[in-house]
Amino acid sequence: QVRLVESGASLVQAGGSLRLSCAASGRTFSNYAMAWFRQAPGKEREFVAAITRSGTSFLYADSVKGRFTISRDNALNAMYLQMNSLKPADTAVYYCAGRDSGGIHVRASEYAYWGQGTQVTVSS
C-alpha cells in the first residue's frame, strides 16, 4: 500500500499564501487518484480538492475555487496544494488521501489511504 506524509504546516496571516506537499512511498504513485481534505476543530472532515492519476483533471470545493491549486508530480511521487488568499476559515488540519480504484471523489470514505495531517493556521 502507499504511504502518505504531508508537510508545509504553518501559521500565516490572512491574505497570505502557503504550499502544502504530500510525499508518497511504497507503491506506484501514478496508480492513485489523490485528494486533499481538511478538518477544523469540532467540524467534520471536508473535501478540498482532487486530482486524477494523470494530473490532467481536477475538482475543487466551492469554498477554495479560484484560490487553491492542486497539482502532482508522478516522477517525484508528490502532490501539492498551493493556497493563496488565505482566510481564517481555512484554518484546519489538512490531509492528503489516495485511492487506487475508481476516479476522483469528494467523499472521504472513498479514499483508503491517508496521511497524518498537517496544521494550517490563518490569523486575521
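Along the sequence shown, residues are numbered consecutively beginning with 1.
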- Query: Can you name the nearest heavy-atom pair linking Met79 to Cys96, along with the distance?
  - Reply: CE-CB, 3.5 Å
- Report yes or no: is the cationic atom of Arg72 (NZ for Lys, CZ for Arg) under 6.0 Å from the centre of the six-membered ring of Tyr80, at an angle within 45° of the ring normal? no
- Task: Return the set of residues passing side-chain hydrogen bond (donor to acceptor under 3.5 Å, both in side chains) with Thr56 (not counting sequence neighbours), or none when no residue passes.
- Result: Ser54
- Hey, what do you get for OG1 (Thr69) to OH (Tyr60), rounding to the nearest 0.5 Å? 4.5 Å
- Message: Using a 3.5 Å distance criterion without hydrogens, assess whether the side chain of Thr91 forms a donor-acceptor pair with backbone atoms of Val122.
- Response: yes
- Separation between OG of Ser21 and CG of Asp73, rounded to the nearest 0.5 Å: 11.0 Å
- Message: Could you measure the distance from the CZ atom of Phe68 to the CG atom of Leu20? Nearest 0.5 Å is fine.
- Response: 8.0 Å
- Message: Any side-chain to backbone donor/acceptor pair from Glu110 onto His105? Under 3.5 Å, distance only.
- Response: no
- So which heavy atom on Ala108 is nearest to which on Trp114, and how close? O-CZ2, 3.4 Å
- Taking a hydrophobic cluster as the set of Ile, Leu, Val, Met, Phe, Trp and Tyr residues connected by side-chain heavy atoms closer than 4.5 Å, whether directly or through intermediates, do Tyr94 and Val12 fall within one such cluster? yes
- Ionic contact status for Asp100 with Arg27, cut-off 4.0 Å: no
- Query: Does Ser10 offer a backbone N or O that forms a donor-acceptor pair with the side chain of Gln119 under 3.5 Å?
  - Reply: no
- Task: Say whether Trp36 and Leu59 are linked into one hydrophobic cluster, either directly or through other cluster members, by side-chain heavy-atom distances under 4.5 angstrom.
- Result: no
- Message: Salt bridge or not between Asp62 and Lys65? Use side-chain N to carboxylate O under 4.0 Å.
- Response: yes
- Query: Ala9: what forms a side-chain contact (heavy atoms from CB on, under 4.5 Å) with it, not counting sequence neighbours?
  - Reply: Thr118
- Task: Considering non-hydrogen atoms only, spot the tightest contact between Val93 and Gly117 and give its length.
- Result: CG1-CA, 3.8 Å
- Message: I need the Ser25 OG to Asn77 CG distance, nearest 0.5 Å.
- Response: 8.0 Å
- Rounded to the nearest 0.5 Å, how far apart are OG of Ser124 and CD of Gln13? 9.5 Å
- Query: Any donor and acceptor pair, going by atom type alone, linking the side chain of Arg53 with main-chain N or O of Asn31 inside 3.5 Å?
  - Reply: yes
- Message: Check for me whether Arg45 meets the cation-pi criterion with Phe37, that is, NZ or CZ under 6.0 Å from the six-membered ring centre and within 45 degrees of the ring axis.
- Response: no
- Do Tyr95 and Val64 belong to the same hydrophobic cluster, where Ile, Leu, Val, Met, Phe, Trp and Tyr are linked whenever their side-chain heavy atoms lie under 4.5 Å apart, directly or via other members? no
- Message: Looking only at the side chains, is there a donor atom on one of Arg99 and Tyr111 sitting less than 3.5 Å from an acceptor on the other?
- Response: no
- Message: If hydrophobic clusters are built from ILVMFWY residues whose side chains come within less than 4.5 Å, do Leu11 and Leu86 share one?
- Response: no
